[in-house]
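To start, the structure under review is shown below, and the notes come after it.
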Protein chains: 2
Amino acid sequence: MNPDELSPVAQDYLKVIWSRTEWGAPPITTGELAQRFGTSAANVTETLKRLDAQGLVARIPYKPVELTEAGAQCAIAMVRRHRLLETYLVEALGYDWDEVHDEAERLEHAVSDTFIARIDAILEHPTADPHGDPIPDADHRWAHPEDARRLASVTGSGRFRVLVVSDADPEVLRTARELGLVPGVELDVDAGESGAAGAGPLVRVLGREGVEVPGSVAEGMLVRPIV
Amino acid sequence: MNPDELSPVAQDYLKVIWSRTEWGAPPITTGELAQRFGTSAANVTETLKRLDAQGLVARIPYKPVELTEAGAQCAIAMVRRHRLLETYLVEALGYDWDEVHDEAERLEHAVSDTFIARIDAILEHPTADPHGDPIPDADHRWAHPEDARRLASVTGSGRFRVLVVSDADPEVLRTARELGLVPGVELDVDAGESGAAGAGPLVRVLGREGVEVPGSVAEGMLVRPIV
DNA sequence: TCATGAATTTAACCTACCTTAAATATGGTC
DNA sequence: GACCATATTTAAGGTAGGTTAAATTCATGA
Ligand SMILES: [Mn+2]
Ligand SMILES: [Mn+2]
Ligand SMILES: [Mn+2]
Ligand SMILES: [Mn+2]
């Protein structure tokens, strides 16, 4: 099913449900969806019933919701749109990486497949958005590193490369940029035992001073060990 | 009032009501709005009641509808968005002039003021869209030539310059382009008495063969006499 | 096993936008 | 001035996406 036969609300639900499990997290619950969309759990239940009736999610009452194959295909198409748009806003329109998410969140429901194909070509088929999130290609294929983990979950010490910085909170993005923590950067991490709540791990970006990474930033950052 | 506090439906109504009088035509009726949006007259009446309650139109039952000052300001902001987007799609994304209208019709409801300001700067503050329609500036000012008329209404003969080709019908745009009838072009027109219905005036583009312009194209084209 | 608190669903109600069918106002015409 | 065709409005009803409050289910700890 083509995602633009769906309402903007349906498109957003599929995208959020899919994104939840992108890095291996368990499926999303009614309450979490309500929080994410700033709406009531009652409204989420009703909306999930409609998506279930359309064959886009497999809903079991009282359980976290999962996508059907059709729902997943629509979701991936929406994720592709969202991330290509974010990339275009940064590369072609001079947006900062903490400004693009909200704009893309609206544009993704309005652009045509033609528009997406044009910016994909102009950007020369990028494989990651400004935050490091992978961009599925036109055939809905993309590469996810197996050994990604949250910086906040790193214990002990070692050398890592930054993969992704979550675009959910603009403040996290601004802080990360100030600390030099952008996708591709190499880090020496020394995280003690398991990180006291609040304070994050001690991190040294190569060629910079050591800094303590705030918990919120470490929580939103995915890294992979360098072999 | 800022137009993005309004629903897409409200935004489109204001834009269409405003556009109707842009070149001096009388205000638009319920029936014409219904036809334009492909909906029922009953639905138009209900929607106009809501716009009236919001102070955006001054509705007198059974009369053509007119905008309030607040409604006109929103309308102009939407027209500006629409025409800047059309221009950007042609200039930056390689769209053809008969493809941009539908895409802009959706994007205009999704873009932020920031987005509009960026493309306005990149395009160096254009004053006309690809069809020749004037683009209001950020202060909602723009220039309309006084002596514009429909090519279909020209009688006798004379020299004219093409101002605008209507973007309502992509087929008209393709035909106009094939005939060389694009904004800025000079024409020698010989239109006989008042044009038999269907067949349009005889037109000779400077440096080209004389051609008979189809009625639908002559109807959608605004020209001004060259002094 | 069973009581309890939290999460979830159901119920009742709302607005915006859409439909079709029926009623009504309007602008000529005789 | 009454009549008629047409445009418009009103009426009744539907769906998507919201709300709050009440009922229900689930997981869990005593
Ligand atoms: Mn969105
Ligand atoms: Mn992103
Ligand atoms: Mn247009
Ligand atoms: Mn529109």
Side-chain angles (χ1 to χ4, degrees), chain A residues 1-17 20 25-67 70-71 74 78 105-106 108-110, chain B residues 1-17 20 25-67 70-71 74 78 105-106 108-110:
Chain A
M1 176 184 277
N2 189 320
D4 38 44
E5 298 163 24
L6 272 36
S7 71
V9 168
Q11 290 173 339
D12 277 338
Y13 268 68
L14 297 180
K15 190 161 55 75
V16 166
I17 294 166
R20 182 63 191 300
I28 198 165
T29 64
T30 301
E32 287 168 320
L33 282 165
Q35 192 175 348
R36 178 61 133 79
F37 290 119
T39 188
S40 63
N43 182 30
V44 170
T45 298
E46 297 300 326
T47 301
L48 290 178
K49 279 187 194 171
R50 282 195 301 275
L51 294 177
D52 187 75
Q54 291 176 87
L56 296 166
V57 307
R59 176 176 172 269
I60 301 173
Y62 298 101
K63 300 257 190 197
V65 69
E66 302 202 50
L67 297 174
C74 286
M78 291 309 299
E105 197 60 60
R106 281 176 282 105
E108 65 191 1
H109 311 294
Chain B
M1 175 184 277
N2 189 321
D4 39 44
E5 298 163 25
L6 272 37
S7 71
V9 168
Q11 290 173 339
D12 277 337
Y13 269 68
L14 297 180
K15 190 162 54 75
V16 167
I17 294 167
R20 181 63 192 301
I28 198 165
T29 64
T30 301
E32 287 169 320
L33 282 166
Q35 193 175 349
R36 178 60 134 79
F37 290 119
T39 186
S40 63
N43 181 30
V44 169
T45 298
E46 298 300 323
T47 302
L48 290 178
K49 279 187 192 171
R50 283 195 302 273
L51 293 176
D52 188 76
Q54 292 176 87
L56 297 165
V57 308
R59 177 176 173 268
I60 302 173
Y62 298 100
K63 300 259 189 196
V65 69
E66 302 202 50
L67 296 174
C74 286
M78 291 309 298
E105 197 60 60
R106 282 176 281 105
E108 65 192 0
H109 311 293

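Here is the naming used below: chain letters follow the sequence lines, and residue numbers restart at 1 for every chain.
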Within 6.0 Å of CZ in B/R36, more than 12 heavy atoms from elsewhere: no

Could you tell me how far apart A/K63 (NZ) and C/dA6 (C1') are, to the nearest whole angstrom? 16 Å

Just the rounded figure in Å: distance from C1' of D/dT6 to OH of B/Y62. 12 Å

Give, for atom CG of B/L48 and atom CG of B/N43, the distance between the pair rounded to the nearest 0.5 Å. 9.5 Å

Whole Å only: how far is the CG atom of A/L6 from the C1' atom of D/dT15? 15 Å

Give, ordered by number, those residues of residues 25-34 of chain B having at least one heavy-atom distance below 4.0 Å to an atom of DNA chain C; if nothing qualifies, reply none. none

Between B/C74 and B/L6 the two heavy atoms that sit nearest each other are SG-CD2, 4.1 Å

Less than 4.0 angstrom from a charged side-chain N to a carboxylate O is my criterion; do A/K15 and A/D12 meet it? yes

Output for pair (A/D4 CG, B/R106 CZ), nearest 0.5 Å, gives 7.5 Å

Hits for side-chain contact (heavy atoms from CB on, under 4.5 Å) against B/E32, two or more places apart or cross-chain, chain-then-number order -> B/R20, B/I28, B/T29

Donor-acceptor contact present, side-chain B/T39 to main-chain B/Q35, <3.5 Å: no

From C/dT20, D/dT20, C/dC18, pick the nucleotide closest to the side chain of B/S40? C/dT20

Any residue in residues 41-60 of chain B with a heavy atom nearer than 4.0 angstrom to DNA chain C? Just list them by number, or reply none. B/A42, B/N43, B/R50

Side-chain ion pair, A/E66 and A/R59, N-O less than 4.0 Å: no

